[in-house]
S.K.: 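Starting off with a structure, shown below.
Basis for what follows: all heavy atoms, side chains included, without hydrogens, waters or symmetry-related copies.
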Amino acid sequence: MAGKPKLHYANGRGRMESIRWLLAAAGVEFEEVFLETKEDFEKLRSDGDLLFQQVPMVEIDGMKIVQTRAILSYIAAKHDLYGKDLNQKTLIDMYAEGTTELMGMIIALMFQTPEGKAKQTALIIDRATTRYFPAYEKVLKDHGHVFLVGNQFSWADVQLLEAILMTEELKSDVLSKFSLLQAFKKRISNIPTIKKFLQPGSQRKPPPDDEFVAKLRKILNV
């Protein structure tokens, strides 16, 4: 029997959070090995565990996988969250890339100055409400299904919910004009594995605070 996936990253969201979400959605228990010091990070590098000298890295099924997209694709395919055919996989990729772009903007906020953060937050809300959320609202309206692709729960659904919740942390009423996304959020949040992950005490990480950002800068030398 294979052991639990082992996630190597700092004790915070960053690029690992979507991986935690997807594993949790698939009902997969996982272990976390937190990088606490620069030396922890350098050891992974010197041991040859980081192909591109970067985290996140996930040990799973005898592999040490790096690059967030590769990790997510593997998990989605393994746990039947990646569609039934090439067309569905392509749609899932397309929708996941959109939410990746939006969440990437939010992740980058933690490295901004207060002035830059205010400006970037305004841009994020604008992009969310004029580019990304209208697109997903249209997808749901056009096919009338419960899920984004093939009327089957997929990686795209998981990541859209994650993106919605992250954006709501910046503006709580950001979905006020998107009734189908409001309903989508409620449905996906009540899927048992997701509901469990959203409960206090899970491995879901809180928004980054100044202490985490300072520690991350030291670990990764950024």
S.K.: I want to check something: taking the side chain as every heavy atom from C-beta on, are Q159 and Y95 in contact at a cut-off of under 4.5 Å?
M.R.: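 Result no, sub-4.5 Å side-chain heavy-atom pair not found.
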
S.K.: What class does the angle between the rings of F153 and F147 fall in, given that below 30° is parallel, 30 to 60° is tilted and above 60° is perpendicular?
M.R.: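 Tilted: the ring planes of F153 and F147 meet at 30° to 60°.
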
S.K.: Of K6, E59, H8, which meets side chain to side chain contact (heavy atoms under 4.5 Å, CB included) against K64?
M.R.: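 Among the candidates, only E59 passes.
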
S.K.: Under 6.0 Å from the ring centre and within 45 degrees of the ring axis: does the NZ or CZ of K89 meet both conditions for the six-membered ring of Y82?
M.R.: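 Verdict for Y82: a cation-pi partner in K89.
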
S.K.: Could you walk me through whether M110 and F212 pass the side chain to side chain contact (heavy atoms under 4.5 Å, CB included) check?
M.R.: CA-CA 9 Å; M110 64 181 174; F212 170 73; 4.1 Å; yes

S.K.: Taking C-beta and beyond as the side chain, do Y74 and M63 meet within less than 4.5 Å on heavy atoms?
M.R.: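 Yes, close enough: below the 4.5 Å cut-off.
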
S.K.: Report the distance from atom OG1 of T99 to atom CG of L160, rounding to the nearest 0.5 Å.
M.R.: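 Rounded to the nearest 0.5 Å, the OG1-CG separation comes to 6.5 Å.
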
S.K.: Does E211 CD have over 12 foreign heavy atoms under 6.0 Å away?
M.R.: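 No, not enclosed.
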
S.K.: Please check if atom CG in D210 has more than 12 non-hydrogen atoms from other residues, nucleotides or ligands closer than 6.0 Å.
M.R.: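 Result for CG/D210: open.
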
S.K.: Among E32, E162, Q203, which residue meets the side-chain hydrogen bond (donor to acceptor under 3.5 Å, both in side chains) test with R20?
M.R.: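 That would be E32.
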
S.K.: With a 4.5 Å limit on heavy-atom distance, are the side chains of V28 and H79 in contact?
M.R.: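 SC-SC contact between V28 and H79 confirmed.
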
S.K.: Report yes or no: do E101 and Y132 form a side-chain donor-acceptor pair below 3.5 Å?
M.R.: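 A pair is found: one side chain offers a donor N or O, the other an acceptor, under 3.5 Å apart.
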
S.K.: Are the side chains of E168 and K185 in contact, using a 4.5 Å heavy-atom criterion?
M.R.: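 With C-beta onward as the side chain, the pair touches.
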
S.K.: Decide yes or no for I194 and N190: does some side-chain heavy atom of the first lie under 4.5 Å from some side-chain heavy atom of the second?
M.R.: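 In short, these two side chains do not touch, never coming nearer than 4.5 Å.
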
S.K.: Would you indicate whether the side-chain heavy atoms of F30 and I60 approach each other to under 4.5 Å?
M.R.: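 They are not in contact (no side-chain heavy atoms under 4.5 Å apart), so the answer is no.
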
S.K.: Counting C-beta onward and ignoring hydrogens, is there a side-chain heavy-atom pair between L140 and L181 closer than 4.5 Å?
M.R.: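 Counting from C-beta outward, L140 and L181 do come under 4.5 Å.
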
S.K.: Taking it one step at a time, do T121 and L109 satisfy side chain to side chain contact (heavy atoms under 4.5 Å, CB included)?
M.R.: CA-CA 8 Å; T121 297; L109 275 178; 3.7 Å; yes

S.K.: Would you confirm whether Q182, through its side chain, and L175, through its main-chain N or O, come within 3.5 Å as a donor-acceptor pair?
M.R.: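 Side chain of Q182 to backbone of L175: a pair is present.
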
S.K.: How far apart are the C-alpha atoms of F111 and R217, what are their side-chain angles, what is the distance that settles it, and do they pass the side chain to side chain contact (heavy atoms under 4.5 Å, CB included) test?
M.R.: CA-CA 9 Å; F111 297 116; R217 285 184 181 277; 3.4 Å; yes

S.K.: I'd like to know whether L7 forms a side chain to side chain contact (heavy atoms under 4.5 Å, CB included) with L23, so could you lay out the CA-CA distance, the side-chain angles of the two residues, the decisive distance to 0.1 Å, and finally the verdict.
M.R.: CA-CA 11 Å; L7 282 52; L23 285 168; 3.8 Å; yes

S.K.: Can you find a heavy atom in the side chain of L220 that is under 4.5 Å from one in the side chain of V55?
M.R.: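 SC-SC contact between L220 and V55 confirmed.
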
S.K.: From E137 CD over to S179 OG, what is the distance, rounded to the nearest 0.5 angstrom?
M.R.: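 Between atom CD of E137 and atom OG of S179 there are 5.0 Å.
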
